[in-house]
Each structure stands twice: as structure tokens, then as C-alpha cells.
Protein chains: 2
Amino acid sequence: MQHVQAPSEHQLAAFRQFNRFYTRQIGVLAESMYRSEFSLTEARVLFELAHKNGLTATALASTLGLDAGYLSRILKKFESRGLLQRTPSADDARQSHLKLTVAGRNTFEPLDRAARELAIAALAPLPPSERETLVEAMTTVERLLGNAPEPRVPYILRPLRVGDVGWITHRQGLLYHQEYGWDETYEALVAQILGEFVRNFDPNAEASWIAERDGKVVGSVFLVRQSEEIAKLRLLYVEPATRGLGIGRRLVDECIAFARSKGYRTLTLWTNDVLASARRIYQAAGFRLVKEEQHRSFGKDLVGQTWELNLQHG
Amino acid sequence: MQHVQAPSEHQLAAFRQFNRFYTRQIGVLAESMYRSEFSLTEARVLFELAHKNGLTATALASTLGLDAGYLSRILKKFESRGLLQRTPSADDARQSHLKLTVAGRNTFEPLDRAARELAIAALAPLPPSERETLVEAMTTVERLLGNAPEPRVPYILRPLRVGDVGWITHRQGLLYHQEYGWDETYEALVAQILGEFVRNFDPNAEASWIAERDGKVVGSVFLVRQSEEIAKLRLLYVEPATRGLGIGRRLVDECIAFARSKGYRTLTLWTNDVLASARRIYQAAGFRLVKEEQHRSFGKDLVGQTWELNLQHG
DNA sequence: TTAATTGCTTGATCCAGTCAAATAAATATT
DNA sequence: AATATTTATTTGACTGGATCAAGCAATTAA
């Protein structure tokens, strides 16, 4: 059962403002097309036709959100001018497949170039770094508003890369601050642990896994050597937005498998009792609570827990 | 002289795709208004009138990008229905100031609520974290495309907050990786330094400054106590996109002033000769190079430099 | 004083876009 | 197999959103 929280006023306001802004923006674009022999809608149709052969009228109408009758007339106009060729569909005599003729492509070309010039004119004044920022932001909007197809692969695991240490520190610091009120010393501890992990990394005895989804880090875990026989799992974390995909469990499983393969006898970890969702994962994976102690850290009174997994009986 | 590089093909494509996408998006919005007694344009006019009193027709036409004649008719319609009141301007008898009547506000209200419902419907399906991402991306697009007024305050300095340590580590790690090819051990070093800084922080002898612009961290510097008489400046960094605003210089100046006020005699720092822009700042601030040594770090052969500033003669 | 510009209005017009009805093919139902 | 329903497309009829150009009065510049 998921409680759906209402969007905040600030979010609604920003969303609506953006729509007003972009309505105007597109008005400007449309205006600049005004002198051409085609309307904005006709140009959109041409664009679709130029980029995809064999479309049917219905498909076209639905991707552009056009009235079927209106589109029909536009297509008729194109055909009468020799820009468009219709081929009756083999398996449905009602439909035909649409394709621009050579003349059609030639007509589209200057239109397309003009649109390109417009885009250049919009981007060129920006410093290069901001161009990239802009494009990224646009992609984000599109992905989130367009009923973005859920990524086929829900997430991938990959090794640590430059930038990850800082990012994970940042997210964990913020997250535990927001959720549990831990202060900046927690983030600092994470930074130190990860810094040391990287600088003293022993590839034969240690490992890390980063879960990535849609190009963004959504989880991670680290396995360090504590002694000849004991490996330690550290800093398991999963982005709240991606909980429920089994990422946490997967990360822990990877750790266990790796530790076992390297001949460790015990996998240990230290956590705090407030971290309930992590605890469930550890329990499910077979860890057993071996020690608890009160401590004051990160600005809070906490109960630290040590969990262990025997790697040999399994 | 600034060389203006052309936008990349990828950027142009993304930009144009977004325009097509949002054209469709706005088409959907307009459609949903179809049954109301006002057209989308009329609704936009109403919105502007509802949110700003005393507008003139020309101002309105230009903010919405409307034809003056068309707007004139719309206003006439509003006035004849008693939604709008025009007050002749005192200092220009050609203009009049526009203001919604009470009836006008009452008419606008359900319209506004409907638009609000639409916004809710668009945002509600997203998980909260993505809502915020979306809104941020929209704001970014708007800022970059709308001839965004440069933020009045180009940047602000603020103390360290939770999340900063990780973020700064992330950015510095990535940046020096991209610009100079340094490997992940540099990021790890930054993490350790910052982690230690926070955990052993002595507010009477140490300090940090975060430069923020538009809500985003764009620079930082840390000052640590090395001994009774020597303070050390560490990890100066400025986002490339915001170079030229004097942020680096400002951060260094803050360090110097703080070190002086705390009675240190010397301010020292360690850097590498490849970091040219930082070096210029140190030189300009009066630092002198006191030592150089070759070393191999971060996967590169580097020349380390120690710079010092005498805090007493100034 | 005259000329040019600006703010707004009005007449004329157009064509983008909507709606409903019609046709023919495909699919579902009996 | 016959009938009903749905789907893809077309066509006729119409509306009203939007543009353009001309015009008027007030303002500003020459």
C-alpha cells in the first residue's frame, strides 16, 4: 500500500509557470514558420513523415494528436502536390502506408534546415556548459512527463567509477539527515570510510557494487577485508525512490557470494537499529545479530548492532 | 575575445526533439480547455490579468506574444461581459490600465482551479523525488531559455551543510578526472580530507566557505589549523561554468582574512603546477612559491607546489 | 510646426481545426 | 453464414482563432 502524497504548492506553481512559459516559447517558434508555405502542423506532419517511412494515417494522427479529418486533408494536399506517396497496406485494405517522395524530401529539407537554424540560434548564445545543462534538463522533463517507458532493465550493477565516492557520500549524508536527523559527522564518516576504501583497495580481497538505473546511482555496497577470515560489509544504501526493486537484497547477495568465493569464513557488518529496512535484508540473507550497544553518534542516541553471517554452512 | 563554439549535433537534436514533444504536450493542455467558454489564449490573458493589475494592452500583448488587434477584441469581449475594467492612463491618454472586476475574478477562479487540477494530475503519478527532479529541470530550462535575468546576487557564501562534503568530493573528483585525467585516488583523498575536517573541526581555529549560486554549490575552500602559527588553505575549487565571477579570489580572500583574524602568522597551501587558474589566484593574493617537488599521484606524474603567505606584514 | 512613432481599434479575411456523417474494410457476435 | 460492431479513412459543413492592413488619436522627435 503506497500513500500518494499530493504535489506541493511550490511544485504546482513551477509546473504551471513552465507551461505558460513554453506555450509562449512555441508561439515564437510557430511564428517564425509563418512565412513558409506550410503551417506549423503541416511541418510537424512532414517531419514525422521524413523520419519514419510506412506510417499509417492513424498512427500519425495519434503521435501528433491531430484530428483524423484534418490530417486526411493535409495528406491529400501533400499527395496532390506530389510530396507524398501512399501504398495500400497488404494486410488491411483500409489503411495505406505513407512515404515522402523525392520531391517531398526536397521540400522538407529547407524547412528542416530552418528549424535547425532556429535551434542553433537558441543554443549558440549559451556558454557550452549551460547548453549541456539545458539539454539535460529538457531530456529530464521529457522522460518524466512522457510516459517514459520503464527502463527495460530495472537496474544494473557496475564497478566503482570516479565520482561515485563523492556522490554516495552526498546522498547517504543527506538521506540519513532527512530521515533520521543525523548530523554532518555521519556524512564525514562515510567520506572517510570510502576514501580509505579506495586508497587501500585490495582487489583480491575487497569489492564494491554500484547499482545504476537510468544512468543514475541508486544504490551501493562495499566489502572490505577485516582479517584473514572475516570480511565486512559496509555502507549498504538504496535510493528511497527505487526501493522495492530488490536492489538492496541483490547488493547483499553479491557481497555474500564474493566473500564466499574469496574463502572468508565470516561476513560481518555494523549497523544501527533505526535502519529497519536494511535490517530486514540482513535477516532475510541469514545474518544473525551478535551484539548490540548504545552509543551516541551523529548527534543522536543510537543502538549499534553487529550482525554476522557464517559463510561455511551454506 | 571569446570563441563561440557551435552547438553539437546531439544538443541540436535533443533541443528540437524537446520542442516537438512539448508542442504536443501543450496541444493536450489546450484540448482539455476546449469545452470551456474561453479559448486557450483568452485563458492566458485572463491569467495575466488576474495576476497583475494595471497592465496596459501593449504590455500584455508583448508578454503573451499576441497580435494587438486580436488582443483588443479579446479585451473588448471581456469588458462587454463585465469581467474587465479599463482605467484611462493618467500620463498617456492612448493607454488604459486593465483590471479584472470582481465578476472577472469569479469567472477566472474555476478556470484556474481546472488548470491546477491538470497540473496535479500530471505530477501526482510521479514519485515525490521525481516530482522535484521534474520541477527543477523545468526551472532550469526556463532560466536558460528565458533571457534569464542573471541572478541579482551572482553568488553567496554560506557555511558547510550536510551534503556538501559528498557533493564537493563528487565534483572535484569528476572535474580533475575530466580535465587532468586524475584517477579515483584523488577523489578518495578529497573524501578523506573533508571527512577528517568535519570530524575534527575546531570552530575557533578553522573554517570553510561554500559558494552557492542559484541554489547550487559552485565553489568551496577549507581552512585548517596546521600548528599554532600556521594555517593551511585546502581544496580550493570553483565550478568551471562560473569562472570569471571572482569566486575563487573571494574564497581565498575570506581564508586570508579569517586566518589573520585568528592570529596565524602564515597561511600555507599545497597544490600542483597543472592547476593554472588556481595558481593565478594565489599569486594575485600575495602567496609565494616556497617549494616544489615531483611526485606521482592520482595516476599522473605531477609537480607539487607549496605556497605561503606571510600574514603579518600586510 | 511638421513628421514620425506609439497605443489601440476596426474591417476584412483566411485557414487551421472541429464535428458529424458516410464509406469500406476488418473483426466480433450470434 | 449472416449480422452487428469497430476501425481507418474521407468528405462536407462550419466555426472561430488569428492575421493583416488601414485608421485614429495621442505622444514624441525633428
Side-chain angles (χ1 to χ4, degrees), chain A residues 23-24 26-49 54-81 84-99, chain B residues 23-24 26-49 54-81 84-99:
Chain A
T23 301
R24 173 95 176 78
I26 286 170
V28 174
L29 288 188
E31 211 166 323
S32 74
M33 288 231 27
Y34 206 74
R35 283 291 161 207
S36 102
E37 83 190 284
F38 298 103
S39 74
L40 175 61
T41 308
E42 288 171 333
R44 291 169 71 204
V45 172
L46 269 183
F47 184 94
E48 290 300 320
L49 291 173
L55 280 169
T56 66
T58 314
L60 194 49
S62 97
T63 57
L64 293 181
L66 296 179
D67 176 79
Y70 180 30
L71 176 61
S72 172
R73 257 180 272 265
I74 291 176
L75 295 176
K76 195 161 107 186
K77 174 178 164 190
F78 287 169
E79 199 178 17
S80 75
R81 291 202 199 174
L84 176 68
Q85 195 189 352
R86 303 199 221 201
T87 326
S89 167
D91 39 86
D92 187 335
R94 294 169 305 174
Q95 314 188 87
S96 42
H97 298 288
L98 309 172
K99 188 184 166 192
Chain B
T23 300
R24 174 95 176 76
I26 285 170
V28 174
L29 286 189
E31 212 164 321
S32 75
M33 288 232 26
Y34 205 73
R35 283 292 164 205
S36 103
E37 83 189 286
F38 298 103
S39 73
L40 177 61
T41 307
E42 288 170 332
R44 291 170 69 205
V45 172
L46 268 184
F47 184 94
E48 291 299 321
L49 290 173
L55 280 169
T56 66
T58 314
L60 194 49
S62 97
T63 57
L64 293 181
L66 296 179
D67 176 79
Y70 180 29
L71 177 60
S72 172
R73 257 179 271 265
I74 291 177
L75 295 178
K76 194 162 107 187
K77 175 177 163 190
F78 287 170
E79 199 179 15
S80 76
R81 292 204 199 173
L84 176 67
Q85 193 190 353
R86 302 199 222 202
T87 326
S89 166
D91 39 86
D92 187 337
R94 294 168 306 174
Q95 316 189 85
S96 43
H97 297 286
L98 309 171
K99 189 184 165 191

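A, B, ... follow the sequence lines: proteins, then strands. Residue 1 opens every chain.
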Legend entry - Interatomic distance, B/Arg73 atom CZ to B/Ser80 atom OG [nearest 0.5 angstrom]: 13.0 Å
Legend entry - For B/Lys76, all residues meeting salt bridge (charged side-chain N to carboxylate O under 4.0 Å, His left out), sequence neighbours excluded: none
Inset, instruction - Could I get the full list of salt bridge (charged side-chain N to carboxylate O under 4.0 Å, His left out) partners for B/Glu79, not counting sequence neighbours? - result: B/Arg86
Quickly work out the [X] [atom1] to [N] [atom2] distance and round it to whole Å.
X: B/Lys77; N: D/dG17; atom1: NZ; atom2: P; result: 6 Å
X: B/Leu40; N: C/dA16; atom1: CG; atom2: C1'; result: 15 Å
X: B/Arg44; N: D/dG17; atom1: CZ; atom2: C1'; result: 13 Å
X: A/Leu75; N: D/dA8; atom1: CG; atom2: P; result: 15 Å
X: A/Glu42; N: C/dC15; atom1: CD; atom2: C1'; result: 10 Å
X: B/Asp91; N: D/dT27; atom1: CG; atom2: P; result: 9 Å
X: B/Leu71; N: D/dC20; atom1: CG; atom2: C1'; result: 16 Å
X: B/Ile26; N: C/dA16; atom1: CD1; atom2: P; result: 20 Å

Short heteroatom pairs, N/O only, protein and nucleotides 1-7 of chain C, under 3.5 Å:
{"from": "C/dT6", "atom 1": "O2", "to": "B/Arg94", "atom 2": "NH1", "distance (Å)": "2.1"}

Inset, instruction - Give the nucleotide from the list D/dC20, D/dG17, C/dT9 with an atom nearest to the side chain of B/Arg73. - result: D/dC20
Inset, instruction - Would you check, one step at a time, whether the test side-chain contact (heavy atoms from CB on, under 4.5 Å) holds for B/Phe78 with B/Leu49? - result: CA-CA 11 Å; B/Phe78 287 170; B/Leu49 290 173; 4.2 Å; yes
Legend entry - Nearest non-hydrogen partners of B/Gln95 and B/Thr56, listed with the distance: OE1-CG2, 3.4 Å
Inset, instruction - Determine the minimum heavy-atom distance between A/Leu71 and A/Ala57, stating which atoms define it. - result: CD2-O, 3.2 Å
Inset, instruction - Check every strand shown and say whether B/Ser72 touches a base, only sugar-phosphate, or nothing at a heavy-atom separation below 4.0 Å. - result: base
Inset, instruction - Could you walk me through whether B/Leu84 and B/Lys99 pass the side-chain contact (heavy atoms from CB on, under 4.5 Å) test, one step at a time? - result: CA-CA 6 Å; B/Leu84 176 67; B/Lys99 189 184 165 191; 5.5 Å; no
Inset, instruction - Hey, could you give me each pair passing ring-ring contact (aromatic ring centres under 6.0 Å, His included) that has a residue in residues 57-77 of chain A? Not counting sequence neighbours. - result: none
Show me the donor-acceptor pairs, under 3.5 Å and distance only, between side chains in residues 38-47 of chain B and residues at least two apart or in other chains.
{"from": "B/Ser39", "atom 1": "OG", "to": "B/Thr41", "atom 2": "N", "distance (Å)": "3.4"}
{"from": "B/Ser39", "atom 1": "OG", "to": "B/Glu42", "atom 2": "N", "distance (Å)": "3.1"}
{"from": "B/Glu42", "atom 1": "OE1", "to": "B/Ser39", "atom 2": "N", "distance (Å)": "2.8"}
{"from": "B/Glu42", "atom 1": "OE1", "to": "B/Lys77", "atom 2": "NZ", "distance (Å)": "3.3"}
{"from": "B/Glu42", "atom 1": "OE2", "to": "B/Lys77", "atom 2": "NZ", "distance (Å)": "2.7"}
{"from": "B/Arg44", "atom 1": "NH2", "to": "B/Leu64", "atom 2": "O", "distance (Å)": "3.2"}

Inset, instruction - Output yes when at least one side-chain N/O atom of B/Lys76 is less than 4.0 Å from OP1 or OP2 of C/dT10, else no. - result: yes
Inset, instruction - Go through residues 62-70 of chain A and report each residue with a non-hydrogen atom lying under 4.0 Å from DNA chain C, sorted by number. - result: A/Asp67, A/Tyr70
